[in-house]
> 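Below is a structure I'd like to ask you about.
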There are 2 protein chains.
Amino acid sequence: MSNSERAFNALGDPTRRMIFEKLRDRPLAVVHIAEGLQVSRPAVSQHLKVLREAKLISINQQGTKNIYQINQEGILAMRNYLDKFWDTALAAFKLAAEQTEKENE
Amino acid sequence: MSNSERAFNALGDPTRRMIFEKLRDRPLAVVHIAEGLQVSRPAVSQHLKVLREAKLISINQQGTKNIYQINQEGILAMRNYLDKFWDTALAAFKLAAEQTEKENE
DNA sequence: CATTAATTTAATGTTAATATTAAATTGGCC
DNA sequence: GGCCAATTTAATATTAACATTAAATTAATG
(Lines give C-alpha, C1' and ligand atoms only; values in the text may rest on other atoms or scores of the structure.)
Protein backbone atom coordinates (compact mmCIF):
# COMPACT_ATOMS: atom_id res chain seq x y z
CA MET A 1 0.00 0.00 0.00
CA SER A 2 1.29 3.45 -0.92
CA ASN A 3 1.82 6.35 1.42
CA SER A 4 -1.06 8.30 -0.07
CA GLU A 5 -3.40 5.34 0.36
CA ARG A 6 -2.37 4.99 3.97
CA ALA A 7 -2.74 8.73 4.49
CA PHE A 8 -6.26 8.84 3.08
CA ASN A 9 -7.23 5.86 5.19
CA ALA A 10 -5.80 7.56 8.25
CA LEU A 11 -7.49 10.92 7.77
CA GLY A 12 -10.77 9.21 6.98
CA ASP A 13 -11.42 9.01 10.70
CA PRO A 14 -12.66 12.17 12.51
CA THR A 15 -10.77 11.47 15.74
CA ARG A 16 -7.53 11.05 13.82
CA ARG A 17 -8.18 14.31 12.01
CA MET A 18 -8.59 16.04 15.37
CA ILE A 19 -5.30 14.62 16.57
CA PHE A 20 -3.63 15.62 13.33
CA GLU A 21 -4.99 19.15 13.64
CA LYS A 22 -3.85 19.43 17.24
CA LEU A 23 -0.30 18.88 16.09
CA ARG A 24 -0.50 21.47 13.38
CA ASP A 25 0.95 24.35 15.38
CA ARG A 26 3.38 22.51 17.63
CA PRO A 27 4.65 19.07 18.65
CA LEU A 28 2.79 17.60 21.63
CA ALA A 29 3.16 14.79 24.14
CA VAL A 30 0.42 12.15 24.23
CA VAL A 31 -0.96 13.54 27.50
CA HIS A 32 -1.72 16.80 25.77
CA ILE A 33 -2.96 15.20 22.58
CA ALA A 34 -5.47 13.21 24.62
CA GLU A 35 -6.75 16.34 26.40
CA GLY A 36 -10.24 17.24 25.27
CA LEU A 37 -10.61 14.11 23.16
CA GLN A 38 -13.57 11.94 24.12
CA VAL A 39 -11.67 8.67 23.84
CA SER A 40 -9.42 6.72 26.19
CA ARG A 41 -5.64 6.98 26.21
CA PRO A 42 -5.10 3.58 24.57
CA ALA A 43 -7.44 4.61 21.76
CA VAL A 44 -5.28 7.68 21.21
CA SER A 45 -2.21 5.46 21.05
CA GLN A 46 -3.80 3.32 18.37
CA HIS A 47 -4.72 6.35 16.33
CA LEU A 48 -1.21 7.72 16.65
CA LYS A 49 0.14 4.45 15.34
CA VAL A 50 -2.07 4.64 12.25
CA LEU A 51 -1.09 8.25 11.61
CA ARG A 52 2.55 7.38 12.07
CA GLU A 53 2.40 4.47 9.62
CA ALA A 54 0.83 6.86 7.13
CA LYS A 55 3.82 9.18 7.60
CA LEU A 56 1.48 11.95 8.66
CA ILE A 57 3.19 12.32 12.02
CA SER A 58 6.49 11.27 13.47
CA ILE A 59 7.56 10.40 16.99
CA ASN A 60 10.31 11.88 19.10
CA GLN A 61 10.93 9.97 22.31
CA GLN A 62 11.85 12.23 25.22
CA GLY A 63 12.43 10.01 28.22
CA THR A 64 9.11 8.56 29.23
CA LYS A 65 7.27 11.06 27.10
CA ASN A 66 6.49 10.53 23.45
CA ILE A 67 6.39 13.77 21.55
CA TYR A 68 4.55 13.63 18.25
CA GLN A 69 4.85 16.08 15.41
CA ILE A 70 3.56 16.61 11.91
CA ASN A 71 5.46 14.75 9.19
CA GLN A 72 5.35 16.39 5.79
CA GLU A 73 5.96 13.15 3.93
CA GLY A 74 2.39 11.95 4.23
CA ILE A 75 0.98 15.36 3.46
CA LEU A 76 3.12 15.57 0.36
CA ALA A 77 1.88 12.15 -0.78
CA MET A 78 -1.73 13.33 -0.57
CA ARG A 79 -0.96 16.59 -2.32
CA ASN A 80 0.68 14.76 -5.19
CA TYR A 81 -2.25 12.38 -5.42
CA LEU A 82 -4.73 15.24 -5.60
CA ASP A 83 -2.63 17.23 -8.02
CA LYS A 84 -2.88 14.41 -10.54
CA PHE A 85 -6.62 15.08 -10.58
CA TRP A 86 -6.33 18.79 -10.75
CA ASP A 87 -5.58 19.45 -14.38
CA THR A 88 -7.18 16.39 -15.96
CA ALA A 89 -10.34 16.93 -13.96
CA LEU A 90 -10.50 20.50 -15.21
CA ALA A 91 -10.13 19.31 -18.79
CA ALA A 92 -12.74 16.61 -18.31
CA PHE A 93 -15.11 19.13 -16.84
CA LYS A 94 -14.79 21.50 -19.78
CA LEU A 95 -15.13 18.64 -22.23
CA ALA A 96 -18.27 17.35 -20.56
CA ALA A 97 -19.83 20.80 -20.45
CA GLU A 98 -19.31 21.23 -24.17
CA GLN A 99 -20.52 17.86 -25.40
CA THR A 100 -23.62 17.58 -23.25
CA GLU A 101 -25.70 16.65 -26.24
CA LYS A 102 -23.33 14.07 -27.66
CA GLU A 103 -24.09 10.43 -26.93
CA ASN A 104 -22.12 8.95 -24.04
CA GLU A 105 -21.10 5.53 -25.36
CA MET B 1 -19.76 18.92 8.50
CA SER B 2 -17.44 20.74 6.13
CA ASN B 3 -16.65 19.75 2.57
CA SER B 4 -13.09 18.79 3.45
CA GLU B 5 -14.30 16.56 6.29
CA ARG B 6 -16.76 14.85 3.98
CA ALA B 7 -14.07 14.50 1.31
CA PHE B 8 -11.58 12.87 3.68
CA ASN B 9 -14.26 10.51 4.93
CA ALA B 10 -15.14 9.63 1.36
CA LEU B 11 -11.61 8.96 0.14
CA GLY B 12 -10.87 6.96 3.27
CA ASP B 13 -12.41 3.95 1.56
CA PRO B 14 -10.33 2.06 -1.04
CA THR B 15 -13.29 1.20 -3.28
CA ARG B 16 -14.32 4.84 -3.39
CA ARG B 17 -10.78 5.83 -4.26
CA MET B 18 -10.85 3.36 -7.17
CA ILE B 19 -14.09 4.89 -8.41
CA PHE B 20 -12.69 8.37 -8.01
CA GLU B 21 -9.57 7.40 -9.95
CA LYS B 22 -11.62 5.83 -12.73
CA LEU B 23 -13.25 9.17 -13.33
CA ARG B 24 -9.99 11.04 -13.45
CA ASP B 25 -9.52 10.95 -17.21
CA ARG B 26 -13.13 11.09 -18.38
CA PRO B 27 -16.76 11.07 -17.21
CA LEU B 28 -18.32 7.60 -17.04
CA ALA B 29 -21.73 5.99 -16.73
CA VAL B 30 -22.34 3.74 -13.73
CA VAL B 31 -22.17 0.62 -15.91
CA HIS B 32 -18.59 1.44 -16.78
CA ILE B 33 -17.67 2.58 -13.31
CA ALA B 34 -18.82 -0.78 -11.97
CA GLU B 35 -16.74 -2.70 -14.51
CA GLY B 36 -13.83 -4.45 -12.86
CA LEU B 37 -14.91 -3.50 -9.36
CA GLN B 38 -15.50 -6.48 -7.06
CA VAL B 39 -18.71 -5.11 -5.55
CA SER B 40 -22.36 -5.16 -6.60
CA ARG B 41 -24.06 -2.39 -8.55
CA PRO B 42 -26.04 -1.10 -5.54
CA ALA B 43 -22.79 -0.88 -3.57
CA VAL B 44 -21.37 1.29 -6.33
CA SER B 45 -24.44 3.51 -6.14
CA GLN B 46 -23.94 4.00 -2.43
CA HIS B 47 -20.31 4.90 -2.91
CA LEU B 48 -21.22 7.35 -5.65
CA LYS B 49 -23.66 9.02 -3.31
CA VAL B 50 -20.99 9.49 -0.65
CA LEU B 51 -18.55 10.89 -3.19
CA ARG B 52 -21.21 13.21 -4.54
CA GLU B 53 -22.12 14.53 -1.10
CA ALA B 54 -18.44 15.24 -0.57
CA LYS B 55 -18.44 17.28 -3.78
CA LEU B 56 -15.73 15.03 -5.19
CA ILE B 57 -17.87 14.04 -8.16
CA SER B 58 -20.98 15.41 -9.80
CA ILE B 59 -23.79 13.76 -11.70
CA ASN B 60 -25.07 14.44 -15.19
CA GLN B 61 -28.25 12.60 -16.05
CA GLN B 62 -28.43 11.44 -19.63
CA GLY B 63 -31.74 9.67 -20.10
CA THR B 64 -31.63 6.47 -18.12
CA LYS B 65 -27.89 6.76 -17.78
CA ASN B 66 -26.18 8.62 -14.97
CA ILE B 67 -22.87 10.04 -16.04
CA TYR B 68 -20.51 10.92 -13.23
CA GLN B 69 -17.53 13.22 -13.43
CA ILE B 70 -14.89 14.69 -11.17
CA ASN B 71 -15.92 17.78 -9.25
CA GLN B 72 -13.08 20.09 -8.36
CA GLU B 73 -14.90 21.59 -5.40
CA GLY B 74 -14.15 18.68 -3.08
CA ILE B 75 -10.59 18.40 -4.30
CA LEU B 76 -10.05 22.08 -3.66
CA ALA B 77 -11.43 21.69 -0.13
CA MET B 78 -8.86 18.98 0.62
CA ARG B 79 -6.05 20.95 -0.92
CA ASN B 80 -6.87 23.97 1.20
CA TYR B 81 -7.06 21.81 4.29
CA LEU B 82 -3.65 20.30 3.61
CA ASP B 83 -2.10 23.63 2.70
CA LYS B 84 -2.88 24.94 6.16
CA PHE B 85 -0.51 22.28 7.45
CA TRP B 86 2.13 22.86 4.91
CA ASP B 87 3.96 25.93 6.17
CA THR B 88 3.30 25.58 9.88
CA ALA B 89 4.30 21.95 9.81
CA LEU B 90 7.57 22.89 8.20
CA ALA B 91 8.19 25.50 10.87
CA ALA B 92 7.29 23.08 13.63
CA PHE B 93 9.61 20.51 12.15
CA LYS B 94 12.56 22.87 12.08
CA LEU B 95 11.81 24.08 15.57
CA ALA B 96 11.64 20.55 16.93
CA ALA B 97 14.85 19.53 15.24
CA GLU B 98 16.67 22.43 16.85
CA GLN B 99 15.39 22.14 20.39
CA THR B 100 15.68 18.39 20.77
CA GLU B 101 17.42 18.80 24.11
CA LYS B 102 15.07 21.39 25.55
CA GLU B 103 12.42 20.16 27.96
CA ASN B 104 8.97 19.71 26.38
CA GLU B 105 6.64 21.42 28.89
C1' DC C 1 -48.29 0.52 -23.51
C1' DA C 2 -45.64 -3.42 -22.14
C1' DT C 3 -40.87 -4.52 -21.85
C1' DT C 4 -36.17 -3.93 -21.14
C1' DA C 5 -32.15 -1.34 -19.49
C1' DA C 6 -29.90 1.54 -16.08
C1' DT C 7 -29.76 2.97 -11.74
C1' DT C 8 -31.26 3.86 -7.15
C1' DT C 9 -33.71 2.98 -2.72
C1' DA C 10 -34.87 0.02 1.05
C1' DA C 11 -34.16 -3.52 4.28
C1' DT C 12 -30.98 -6.11 6.32
C1' DG C 13 -26.65 -8.95 7.12
C1' DT C 14 -21.64 -9.12 7.92
C1' DT C 15 -17.30 -7.57 8.66
C1' DA C 16 -13.88 -4.57 9.96
C1' DA C 17 -12.71 -0.49 12.44
C1' DT C 18 -12.82 1.80 16.66
C1' DA C 19 -13.54 1.53 21.49
C1' DT C 20 -12.75 -0.29 26.13
C1' DT C 21 -10.43 -2.51 30.26
C1' DA C 22 -6.51 -4.70 32.03
C1' DA C 23 -1.75 -5.78 31.88
C1' DA C 24 2.95 -4.85 30.25
C1' DT C 25 6.75 -1.81 29.16
C1' DT C 26 9.94 1.94 29.73
C1' DG C 27 12.33 5.49 31.93
C1' DG C 28 12.99 8.95 35.53
C1' DC C 29 13.36 9.82 40.61
C1' DC C 30 13.79 9.34 45.66
C1' DG D 1 16.07 -1.12 43.88
C1' DG D 2 11.23 0.27 44.49
C1' DC D 3 7.85 3.42 42.86
C1' DC D 4 5.40 6.56 40.03
C1' DA D 5 4.31 8.57 35.51
C1' DA D 6 3.67 8.09 30.60
C1' DT D 7 2.62 5.32 27.09
C1' DT D 8 1.87 1.15 24.59
C1' DT D 9 0.36 -3.70 23.87
C1' DA D 10 -2.98 -7.28 24.26
C1' DA D 11 -7.43 -9.15 24.47
C1' DT D 12 -11.85 -8.37 23.59
C1' DA D 13 -16.45 -5.84 22.99
C1' DT D 14 -19.14 -2.72 20.31
C1' DT D 15 -20.39 0.05 16.69
C1' DA D 16 -20.67 1.64 12.32
C1' DA D 17 -19.38 1.10 7.64
C1' DC D 18 -19.73 -1.62 3.75
C1' DA D 19 -21.92 -5.41 1.57
C1' DT D 20 -25.81 -8.03 -0.27
C1' DT D 21 -30.56 -9.26 -2.16
C1' DA D 22 -34.93 -7.67 -3.47
C1' DA D 23 -38.01 -4.12 -4.85
C1' DA D 24 -38.86 0.51 -6.80
C1' DT D 25 -37.99 4.19 -10.06
C1' DT D 26 -37.19 6.27 -14.49
C1' DA D 27 -36.73 6.56 -19.22
C1' DA D 28 -35.93 4.70 -23.74
C1' DT D 29 -37.72 1.30 -27.33
C1' DG D 30 -40.31 -1.94 -30.07
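Below, chain A is the first sequence line, B the second, and so on; all start at residue 1.
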> Give a yes/no on whether any side-chain N or O of A/Y68 is located under 4.0 angstrom from OP1 or OP2 of D/dA6.
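Looking at the OP1 and OP2 atoms of D/dA6, neither is under 4.0 Å from any side-chain N or O of A/Y68.
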
> Between C/dG27 atom P and A/Q62 atom CD, what is the distance in whole Å?
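So the two atoms are 13 Å apart, to the nearest Å.
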
> Between B/T64 and C/dA6, does any side-chain N or O lie under 4.0 Å from OP1 or OP2?
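No, B/T64 has no side-chain N/O under 4.0 Å of OP1/OP2 on C/dA6.
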
> Is any side-chain heavy atom of A/M1 less than 4.5 Å from a side-chain heavy atom of A/N9?
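Heavy-atom side-chain distance check passes, below 4.5 Å.
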
> Can you tell me which nucleotide in C/dT7, C/dA19, D/dA19 comes closest to the side chain of A/T15?
C/dA19

> Just by modelled atom types, is the A/V50 backbone N or O under 3.5 Å from a matching donor or acceptor in the A/E53 side chain?
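No.
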
> Determine whether a donor-acceptor pair (N or O, by modelled atom type, separation under 3.5 Å) exists between the side chain of A/K22 and the backbone of A/L28.
no

> Is B/S45 close enough to C/dA6 that one of its side-chain N or O atoms is under 4.0 Å from OP1 or OP2 there?
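Indeed not, no polar side-chain atom of B/S45 lies that close.
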
> So among A/R16, A/M18, A/R17, which one has a side chain to side chain contact (heavy atoms under 4.5 Å, CB included) with A/P14?
A/R17

> Nearest 0.5 Å, please: how far is CZ in A/F20 from CD1 in A/I33?
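Nearest 0.5 Å value for the CD1-CZ distance: 12.0 Å.
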
> May I have the distance from A/K49 (atom NZ) to D/dA10 (atom C1'), rounded to whole angstrom?
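So the NZ-C1' distance, A/K49 to D/dA10, works out to 11 Å.
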
> Between C/dT20, D/dT21, D/dT7, which nucleotide has the shortest distance from any of its atoms to the side chain of A/A43?
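Shortest atom-to-atom distance from the side chain points to C/dT20.
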
> Kindly point out which of D/dT20, D/dT7, C/dT8 is positioned nearest to the side chain of B/V39?
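Among the listed nucleotides, the one closest to the side chain of B/V39 is D/dT20.
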
> Find the distance B/L28:CG to C/dA6:C1' and express it as a whole number of Å.
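That distance rounds to 15 Å.
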
> Using only side-chain N and O atoms of A/H32, determine if any of them is under 4.0 Å from OP1 or OP2 of D/dA6.
no

> Please tell me which of B/V44 and A/P14 maps to the more 5' nucleotide of DNA chain C, matching each residue to the nucleotide holding its nearest heavy atom.
B/V44

> Rounded to whole Å, please give me the gap between NZ in A/K65 and C1' in C/dT25.
18 Å

> Would you mind reading off the distance between A/Q38 atom CD and C/dT18 atom C1', rounded to a whole angstrom?
15 Å

> Where the side chain of B/H47 is concerned, which of C/dT9, D/dA19, C/dA19 is the nearest nucleotide?
D/dA19

> Rounded off to whole Å, could you give me the CD1-to-C1' distance for the B/I59 and D/dT26 pair?
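Going from CD1 in B/I59 over to C1' in D/dT26 covers 12 Å.
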
> Please determine whether a side-chain nitrogen or oxygen atom of B/R16 lies at a distance below 4.0 Å from atom OP1 or OP2 of D/dC18.
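Answer is yes, contact under 4.0 Å.
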
> Does any non-hydrogen side-chain atom of B/N60 lie less than 4.5 Å from one of B/N66?
no

> C/dA19, OP1 or OP2 - any side-chain N/O from A/S40 closer than 4.0 Å?
no

> Nearest to the B/L48 side chain among C/dT20, C/dT8, C/dA6, which nucleotide is it?
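That would be C/dT8.
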
> How close or far is atom P of D/dA16 from atom CG of B/N9, stated in whole angstroms?
14 Å

> In whole angstrom, what separates A/I57's CD1 from D/dT7's P?
13 Å

> Using a 4.0 Å heavy-atom cut-off, does B/Q46 contact any base of the nucleic acid, only the sugar-phosphate backbone, or nothing at all?
base

